[in-house]
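When a residue number appears, it is its place in the shown sequence, counting from 1. Not measured: the values here are computed from a predicted model. We count ligands from 1, going down the list as the structure has it; atoms in each ligand are counted the same way.
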Amino acid sequence: MAILPILVAPHPVLKTKCKPVDEVTPELAKLMDDMLQTMYDAPGIGLAAPQVGVPKRILVIDVARSDEAPQPLKMANPEIIWESEEHAVYEEGCLSFPEQYADVERPARVKVRYLDENNKKQEIDADGLLATCVQHEMDHLEGIVFVDHLSILKRNMILRKLKKIQKQNAA
Ligand code: K1U
Ligand code: ZN
């Protein structure tokens with residue numbers, strides 16, 4: 001397994017609509033494993049393929065707490081097949097926006113259909129942090145990032161802060 005470099009905004013791949021995969025080939029299964037290792041190393045609770053420069057509809061998630069056994073999820077071509085009318089607000093972060101956090105409102109519960117690493121069709125019912133995380137990662141596959149859910153004012157504030165951090169890191 002390998003730790004992959006994570007793209008930081010602004011980067012054109014983060015704004016790309018990703019292509020579905022025909023099947024999870026051994027190469028794509030390895031990409032999923034590398035993404036999981038990259039996510040655990042970051043650390044984070046989710047990672048989408050465009051964040052490592054691959055514009056394909058693949059994502060990984062593990063929202064288990066540090067005192068729980070790992071619960072890795074590897075998804076190809078995920079689709080939301082049901083969402084609740086009730087919404088919830090979570091403070092979100094993103095590995096492509098280091099040190100930036102903001103409240104985002106999304107459906108509180110979703111049902112997701114996807115292809116697992118063995119090309120088996122799966123469905124999960126997600127609520128709480130898992131529902132937030134899977135929607136955040138699926139947004140990445142559409143070229144949408146969490147700051148796109150904020151007002152222009154808040155979005156520009158975060159983008160300015162990110163530029164400042166990048167300048168400081170480069171100096
Ligand atoms: O997409 C990403 O960049 C991953 C992102 C996922 C996410 C976090 C919060 C709400 C929605 C989606 C992250 O993992 S940011 C890091 C983070 O949340 C975290 C890091 C260490 C421990 C626990 C959480
Ligand atoms: Zn993200």
Side-chain angles (χ1 to χ4, degrees), residues 1-18 28 31-80 83-84 86-112 114 124-151 154-163 165-166 169:
M1 279 198 276
I3 292 172
L4 308 169
I6 297 176
L7 301 181
V8 172
H11 191 289
V13 178
L14 295 172
K15 301 305 291 172
T16 304
K17 186 173 163 75
C18 298
L28 291 177
L31 172 67
M32 287 170 158
D33 286 338
D34 288 346
M35 285 170 59
L36 262 182
Q37 197 187 13
T38 304
M39 182 197 82
Y40 289 130
D41 177 73
I45 56 172
L47 192 66
Q51 292 180 278
V52 293
V54 180
K56 293 185 191 297
R57 300 185 82 78
I58 286 177
L59 61 86
V60 296
I61 290 178
D62 191 339
V63 296
R65 289 194 311 263
S66 53
D67 59 345
E68 292 176 326
Q71 292 161 25
L73 288 168
K74 305 174 194 179
M75 301 186 183
N77 301 341
E79 298 166 70
I80 291 179
E83 64 182 41
S84 62
E86 186 194 341
H87 281 215
V89 176
Y90 266 91
E91 187 178 63
E92 298 194 9
C94 182
L95 298 173
S96 297
F97 289 76
E99 299 169 44
Q100 308 306 313
Y101 301 89
D103 282 350
V104 177
E105 184 180 331
R106 301 180 185 273
R109 294 178 298 284
V110 289
K111 195 181 191 76
V112 180
Y114 64 96
I124 52 157
D125 290 306
D127 65 2
L129 184 56
L130 178 58
T132 294
C133 190
V134 74
Q135 290 175 82
H136 174 116
E137 301 312 330
M138 287 181 68
D139 268 358
H140 275 301
L141 308 183
E142 296 295 328
I144 296 169
V145 288
F146 80 116
V147 299
D148 294 332
H149 290 274
L150 309 177
S151 66
K154 281 188 189 161
R155 180 161 62 232
N156 285 343
M157 215 166 70
I158 287 183
L159 293 174
R160 268 202 305 275
K161 279 201 263 175
L162 200 59
K163 254 193 195 154
I165 291 172
Q166 281 166 333
N169 288 347

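- Ligand 1 has no nitrogen or oxygen under 3.5 angstrom from a nitrogen or oxygen of Glu91.
- To the nearest 0.5 Å, the span separating CE on Met138 from CZ on Arg106 amounts to 10.5 Å.
- Under the 4.5 Å side-chain criterion, counting only non-hydrogen atoms from C-beta, Leu150 is in contact with Val104.
- Atom CG of Leu73 and atom SG of Cys133 lie 9.0 Å apart (nearest 0.5 Å).
- Taking all heavy atoms of Ala42, Gly44, Gly93 into account, the minimum distance to atom 17 (C) of ligand 1 is reached by Gly44.
- Counting only heavy atoms from C-beta outward, the side chains of Val147 and Lys154 never approach each other to under 4.5 Å.
- Of the candidates Met39, Glu137, Glu92, His140, Glu137 brings a heavy atom nearest to atom 6 (C) of ligand 1.
- Ligand 1 has no nitrogen or oxygen under 3.5 angstrom from a nitrogen or oxygen of Thr132.
- A salt bridge links Lys15 to Asp148: one of the charged nitrogens lies within less than 4.0 Å of a carboxylate oxygen.
- The ligand atoms of ligand 1 that sit less than 4.0 angstrom from a heavy atom of Gln51 are 1 (O), 2 (C), 3 (O).
- Taken from OG in Ser96 to CG in Leu162, the straight-line distance is 9.5 Å, to the nearest 0.5 Å.
- With atom 4 (C) of ligand 1 as the reference point, the heavy atom nearest to it among Gly46, Cys133, Cys94, Pro98 is part of Gly46.
- With the Zn ion (ligand 2) as the vertex, NE2 (His140) and SG (Cys94) define an angle of 110°, rounded to 10°.
- Ligand 1 has Pro43 within reach: a non-hydrogen atom of the residue lies less than 4.0 Å from it.
- Using a cut-off of 4.0 Å between Lys/Arg side-chain N and Asp/Glu carboxylate O, Arg57 and Glu142 are scored as salt-bridged.
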side-chain contact (heavy atoms from CB on, under 4.5 Å), that's the test. Do Val52 and Asp34 meet it? Break it down for me. CA-CA 10 Å; Val52 293; Asp34 288 346; over 6 Å; no
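- The nearest protein heavy atom to atom 22 (C) of ligand 1 is not closer than 4.0 Å.
- Residue Leu95 approaches ligand 1 through these ligand atoms, each under 4.0 Å from one of its heavy atoms: 2 (C), 3 (O), 4 (C).
- Here the heavy atom of the protein found nearest to atom 24 (C) of ligand 1 is Ile45 CG2, 3.7 Å.
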